[in-house]
2 protein chains.
Amino acid sequence: MEPGTPVRQDELAAEFEVSRVPVREALRSLASEGLMLWQPHQGFRVAQLKPAEAREILEIRSVLEVRALEWAFPHLGPDNIEEARDAIARAEATKSIDEWSHMNGVFHTATLGACGRPHLLALIQQLNNRVDRYIRLLVQRTDYRIQAEREHRAILATIEAGNLAAASLLLEQHIEDTADALDQFLEGHRPDGASGSEEPGTPATNTAFQAAASSSTGD
Amino acid sequence: MEPGTPVRQDELAAEFEVSRVPVREALRSLASEGLMLWQPHQGFRVAQLKPAEAREILEIRSVLEVRALEWAFPHLGPDNIEEARDAIARAEATKSIDEWSHMNGVFHTATLGACGRPHLLALIQQLNNRVDRYIRLLVQRTDYRIQAEREHRAILATIEAGNLAAASLLLEQHIEDTADALDQFLEGHRPDGASGSEEPGTPATNTAFQAAASSSTGD
DNA sequence: CGATTAAATAATTTATACAATTTTGGAATT
DNA sequence: AATTCCAAAATTGTATAAATTATTTAATCG
């Protein structure tokens, strides 16, 4: 669904052949994860990520993944390496974007999962969920995929060589490259405000912030 | 409410004088934020944080706050310093734990808010929400408050002196000290595993000291 | 003709009612 | 005495209906 478009609860309920109650609960979960925006008596809208916001999410993910890699590194064994290599191979082999995205996740889990910090891993996953759609666009509409796969192989190689510092640098660079590619792509494909029922006075970062922070009640 | 206890939707609905529908939606939001656990047809339970998990959350918050401080630092002006100092003063003056916790948040916002990254700030806030109850226990039941206020003043002093590196180190140390204090406190109040009716994945490590945490919402 | 107000329509939100599932209690059996 | 099985109660999950609120449309006035 296009970012910014309001969600009609009736339509979703009809589409999934359920009532509006479970639909609303699902939307509220998505809103808490930052994938939906909510305003009282105006319902839910698909959250949009402006280039600066996408970069911000990826920056956070970068910091956390680098740290997770540092923690996971001492516990990485041949089985993890094998699993990561297999994930890369499958990602490179498939034509399905779903499969590619999934194998990407498997690669990350294989390399970072050994850090022994479930909350950190869940948070990284949640952050990835917020940019996944845009990365899929990159893969489908640009040549980002070639670059990503090359960088994935490079990261795995340095890990295999036991060079944590190099791996961290490559990982950081990989995510930054992704942010750059996304920036460039989103700039070229600006939405023109086709769906936009957005007030021009307040910046979108503000509404997005409110959505993400609406859960945390301030007094 | 005690961690691990199931939430009775009827009771909450009666307490707030609404139906169960909005109660369920609220619980689902809290579950997405990690404050509640949910299992199909078993409803919601209050999420519990084992010492290792609390440390994990604080570790993540440390990484993100240090980064946020680095980004905010160039944009910090006298007004931010003034606001932060005022927050510290109010926190030190008050006897209310609610006020203390709130002023703590103001201090953090004053120092980190200038980073210009709303999603990062919202995420830090959300992480803080997950450990806030336990930090309140530290303040109320140990001498952690003295240490925290001293460290807050030290951080502000280094920021004011323009020493970013020192401020980052102090901030990192401050959060680590908090994790240590929490670890020590939770260890000391461990119920010796008397109740073993929990699944091994999420054992109940704390019941005795939780009574004090129920005094948070007194408006 | 444009702006403003009022009615109507549509959508969200909440409440009530119903269905499905789990838990509990106890009787029968081993 | 412990266990198994079954029925009843309790609780969750969903559907439907009523209410509140926002949006749109029509009409009136300047």
Side-chain angles (χ1 to χ4, degrees), chain A residues 1-48 191-204 206-219, chain B residues 1-48 194-204 207 210 214 217 219:
Chain A
M1 298 175 67
E2 285 261 338
T5 53
V7 169
R8 297 293 170 229
Q9 302 174 7
D10 286 332
E11 297 177 7
L12 271 184
E15 180 178 344
F16 289 96
E17 294 179 330
V18 293
S19 81
R20 287 190 303 277
V21 175
V23 169
R24 283 179 57 82
E25 290 186 12
L27 290 173
R28 204 165 268 275
S29 275
L30 293 175
S32 283
E33 293 173 29
L35 289 167
M36 289 280 167
L37 298 181
W38 179 81
Q39 278 187 306
H41 294 100
Q42 294 187 9
F44 299 87
R45 303 200 314 267
V46 179
Q48 57 182 357
D192 308 325
S195 59
S197 63
E198 195 146 12
E199 59 274 53
T202 58
N206 188 18
T207 60
F209 174 75
Q210 284 178 349
S214 66
S215 48
S216 60
T217 62
D219 346 79
Chain B
M1 299 174 65
E2 286 220 4
T5 54
V7 169
R8 297 291 169 230
Q9 301 174 9
D10 284 331
E11 296 178 8
L12 271 184
E15 181 178 342
F16 289 98
E17 292 179 333
V18 293
S19 80
R20 274 174 37 212
V21 175
V23 168
R24 285 178 55 85
E25 291 186 13
L27 290 173
R28 206 164 267 276
S29 275
L30 293 174
S32 283
E33 292 173 36
L35 289 167
M36 289 281 166
L37 298 180
W38 180 80
Q39 276 187 303
H41 292 100
Q42 295 187 10
F44 299 88
R45 303 200 315 267
V46 180
Q48 53 185 341
S195 65
S197 66
E198 208 83 16
E199 64 267 45
T202 59
T207 47
Q210 287 302 338
S214 61
T217 59
D219 54 306

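Chain A is the first sequence line, chain B the second, and so forth, proteins listed ahead of strands; every chain is numbered from 1. No hydrogens, no waters, no symmetry mates; every other heavy atom, side chains included, goes into these values. The structure presented is a predicted model; accordingly, all values stated were derived computationally and were not measured.
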Interatomic distance, A:Leu27 atom CG to B:Arg28 atom CZ [nearest 0.5 angstrom]: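 Rounded to the nearest 0.5 Å, the CG-CZ separation comes out at 11.0 Å.
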
For residues 6-21 of chain B, please give each side-chain donor-acceptor pair under 3.5 Å, one per line with the distance, not counting sequence neighbours.
residue : atom : partner : partner atom : Å
B:Gln9  : OE1  : B:Arg20 : NE           : 3.4
B:Ser19 : OG   : B:Val21 : N            : 3.3

Minimum heavy-atom distance between [X] and [Y], given as atom pair plus value:
X	Y	answer
B:Thr5	B:Glu2	OG1-O, 2.6 Å
B:Ser32	A:Glu33	OG-OE2, 3.9 Å
A:Gln48	A:Gly4	CB-N, 4.5 Å
A:Phe44	A:Arg24	CZ-O, 4.3 Å

5'-most by nearest nucleotide on DNA chain D - B:Pro6 or B:Val21: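 The residue whose closest nucleotide sits nearer the 5' end is B:Pro6.
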
Terminal helix-axis angle for the helix from C:dC1-D:dG30 to C:dT30-D:dA1, with five pairs defining each axis and rounding to 10 degrees: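 The angle separating the two end axes equals 10°.
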
Give me the distances for all protein-to-nucleotides 11-13 of chain C N/O pairs that come in under 3.5 Å?
residue : atom : partner : partner atom : Å
C:dA11  : O3'  : A:Arg8  : NH1          : 3.3
C:dT12  : OP1  : A:Val7  : O            : 2.9
C:dT13  : OP1  : A:Trp38 : NE1          : 3.2
C:dT13  : OP1  : A:His41 : N            : 2.9
C:dT13  : OP2  : A:Arg24 : NH1          : 2.6

Any side-chain heavy atom of B:Met36 sitting closer than 4.5 Å to one from B:Val46?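 Yes, side chains in contact.
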
Tell me whether the side-chain N/O atoms of A:Ser19 come closer than 4.0 Å to OP1 or OP2 in D:dA15.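 Yes.
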
